[in-house]
Number of protein chains: 2
Amino acid sequence: MAVTIKDVARVAQVSPSTVSRVIADNPRISEETKRRVREAMDELGYHPNFQARSLVVKSTKTIGIIMPNSATQVLENPFFPEVLRGISLIARENRFGIYLSTGATQEEIFEEVIQMVQGRRVDGIILLYSKTDDKIMKYLLDEDFPFTVIGRPFHNAERITYVDNDNIYATKQVTKYLIDKGYKKIAFIGVNTEDVFTIDRMEGYKQAMEEAGIPIKEDYVIHEKWLKENEKEAIIDYFFSKELPTAIVLTDDFLAIKLMSIAEDLSIRVPEDISLVSFNNIMLCQYMRPPLSSVDINIFQLGLEAANCLLDKINHPETLPKRITIPAKMIERKTCAKIIKEQNE
Amino acid sequence: MAVTIKDVARVAQVSPSTVSRVIADNPRISEETKRRVREAMDELGYHPNFQARSLVVKSTKTIGIIMPNSATQVLENPFFPEVLRGISLIARENRFGIYLSTGATQEEIFEEVIQMVQGRRVDGIILLYSKTDDKIMKYLLDEDFPFTVIGRPFHNAERITYVDNDNIYATKQVTKYLIDKGYKKIAFIGVNTEDVFTIDRMEGYKQAMEEAGIPIKEDYVIHEKWLKENEKEAIIDYFFSKELPTAIVLTDDFLAIKLMSIAEDLSIRVPEDISLVSFNNIMLCQYMRPPLSSVDINIFQLGLEAANCLLDKINHPETLPKRITIPAKMIERKTCAKIIKEQNE
DNA sequence: CTGAAAGCGCTTACAG
DNA sequence: CTGAAAGCGCTTACAG
């Protein structure tokens, strides 16, 4: 059986209370007995039992991380490991552990969240995504449980601490960049009604277009599913059924990479025939040919700050909700042509 | 404060013991009182406290996952999310939670492992990697703590349950495939002395070459670092300082993708001038141009089986160590030329 | 400076 | 079929 505080007490010839106090390095214990107790601990190979400690101090020193549902392939995206790396850094520095959700559907995940908070498995939660329709945030808010979200909450944002890029602004800038080069036939690929960040990015695209006085063609705003789920043939048909855009803003590098491969098959040249800018700046962007221009959203930083905010909330429950904005920066590579001049039809 | 078993007992007019028994669905409790207790639980919104339960039953219902150290960029690799998806599936089915390591260095990770097992934070551990030099496995073995590894343990393999591909065999097949096409100047990129799987893959390469009677040129066996860490210029120099291989086996898709981009810059054509096969078959392979031939190692399955084995070990501590081999299968795409005939120099 | 006692929220023999 | 009691391994007032 594992060695407990009692065993140590016996060997060190003190009471269990005293052993507990030297673990906490209580200043009221004499150096002499601290030494003796520590010796005993080493001798026996004592390690405190976490469960027991948690039970009495009512803190688990672990943070729960809710991933997007693993049934989809969102996880193929390097976003996830990178954000985890940021969170890990802070967790480790503060000696917190990480407890991960495993649910495959929204419903399962919701159940897990309830388990985590009611079962006192974690001290706080980081939501790795923000959906337009999600019971979790509301639940957490109602329970007044510490949490933080990566992305902009669709509801109750003013009551929630979250960290996000300014997606509207960033996409506006990117679109402007294209407009300034002279493009007018600019499409936007990758909205979906569930993910708030895609909605924000679309909004930024629209604002830039409007400010430039370029009318937005409805079939230039394209749902993420269209590129993700369609067979190559369907996409090709689409491309040839209407006037091709000359530049495209995409919400995700993966979409851009898929599109580039299709373009190549169709002998549509990037950037000569069509310019591309996407988001996330995954490592692979630089290895594409041509190398892909992409907005670096600082995923690591997103995770790091989310963890920081959460710990802050856990340690100071009264801190007010706040928003942290992580800068995003376009990395120019070779998928956008130089200045061109385009007629508006 | 959270509602406890006592609160439920009071409302349902039974003893706490009885409430505990209806939670466990003990058959000795009458349906009538079960109903009453459950009503009380619903009414109060009762959820069992996990810490307390763990403490007495001495089981945490959570498995620890040890990731490779997050200081490096290994995590950029989609291997990780995918293996996690497999583990999650099994964990969830068995109502186990997942506790994740956060360490950035080998030493930190080792400390964490000790915490996990001594602090009774987890019931068992899955090691996501196998290194040639690693104290963790030895420690776990000495402690007789349930664990499972993904990859082949370099030491004590006969005493450890692990799941792996047959990397030697798989690489041998791939190399043979190239040899059968008529290649002789075949290089191997991506060994490193730390990761057992790269050593196994190199071994397979060597065996195939030897069996075909093709002498192995030393500078055709190339360390992973060479491609990962060098600047483009250094790599270019290297390529032109010696006779170019006509085919290359790479241990990882990322290496292949990087190499393809460099080749394109040098106007070395794939597959006309140089054929390529790599490992992992990440989603992006199909979007490369030309689409990259790669060995599908079934990452999801690797995770799933590792979790299965671990649960088996947790539930039946006496089960003997075993090895599970997950099949690997080369997905032929367009990076290997058709039959050619090559002179051996 | 240190110890005895109570308690965190559960489970599980033991008894009836 | 159900309850009282002891205990899991800790921490922390309270007392001295």
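Throughout, protein chains are lettered first and strands after them, A, B, ... in sequence-line order, and every chain is numbered starting at 1.
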Would you say the side-chain atoms of B:Ser88 pair up with the backbone N or O of B:Leu84, donor to acceptor, closer than 3.5 Å?
yes

Per the 3.5 Å Watson-Crick/G-U criterion and a run length of at least three, the stems involving DNA chain C are C:1-3 with D:14-16, C:5-12 with D:5-12, C:14-16 with D:1-3

Provide, to the nearest angstrom, the distance between the CD atom belonging to B:Gln118 and the P atom belonging to D:dG9.
13 Å

side-chain hydrogen bond (donor to acceptor under 3.5 Å, both in side chains) pairs, two or more places apart, involving residues 29-43 of chain B:
B:Asp25-B:Lys34, B:Asp25-B:Arg38, B:Glu32-B:Arg35

Side-chain N or O of B:Lys58 closer than 4.0 Å to phosphate OP1/OP2 of C:dT11
no

Under 3.5 Å, is there a donor-acceptor pair between the side chain of B:Glu305 and the main chain of B:Gln301?
no

Within residues 49-57 of chain B: residues closer than 4.0 Å to DNA chain D (heavy atoms):
B:Leu55, B:Val56

Rounded to the nearest Å, what distance is computed from the CD atom of residue B:Gln13 to the C1' atom of nucleotide D:dC1?
17 Å

Contacting residues from residues 33-48 of chain A, given that a heavy atom lies under 4.0 angstrom of DNA chain C:
A:Thr33

Interatomic distance where CG belongs to B:Asp7 and P belongs to C:dG9 [whole Å]:
9 Å

Please, which pairs that meet salt bridge (Lys or Arg N to Asp or Glu O under 4.0 Å) have at least one residue in residues 144-164 of chain B, sequence neighbours excluded?
B:Arg152-B:Asp200

Write out all pairs satisfying ring-ring contact (aromatic ring centres under 6.0 Å, His included) with one or both partners inside residues 118-163 of chain B, taking only residues at least two apart or from two chains.
B:Phe110-B:Tyr139

Residue pairs passing the salt bridge (Lys or Arg N to Asp or Glu O under 4.0 Å) test with at least one member in residues 126-136 of chain A, sequence neighbours excluded, are A:Glu107-A:Lys135, A:Lys131-A:Glu194, A:Lys131-A:Asp195

By side chain to side chain donor-acceptor pair (under 3.5 Å) - contacts of A:Thr18 (at least two apart)
A:Ser15

Pairs where residues 6-34 of chain B contributes a residue and the test ring-ring contact (aromatic ring centres under 6.0 Å, His included) is met, not counting sequence neighbours:
none

Figure out the NZ/P separation between B:Lys6 and C:dT11, and round it to whole Å.
14 Å

State, to 0.1 Å, how close B:Ala306 and B:Ile150 come at their nearest heavy-atom pair, and which atoms those are.
CB-CG1, 3.6 Å

Set of residues satisfying side chain to side chain donor-acceptor pair (under 3.5 Å) with respect to A:Asn165, sequence neighbours excluded:
none

Side-chain donor or acceptor of A:Asp7 paired with backbone N/O of A:Thr4 under 3.5 Å:
yes

Could you list the residues that satisfy side chain to side chain donor-acceptor pair (under 3.5 Å) with B:Glu112, not counting sequence neighbours?
B:Thr102

Can you pull out the residues from residues 17-29 of chain A that lie within a 4.0 Å heavy-atom distance of DNA chain D?
A:Ser17, A:Ser20, A:Arg21

Ignoring hydrogens and geometry beyond distance, is a side-chain donor-acceptor pair present between B:Thr60 and B:Asp123 at under 3.5 Å?
yes

Within this structure, what is the CD-to-C1' distance between A:Glu31 and C:dC1, rounded to whole angstrom?
12 Å

Interatomic distance where CD belongs to A:Glu32 and C1' belongs to C:dC1 [whole Å]:
12 Å

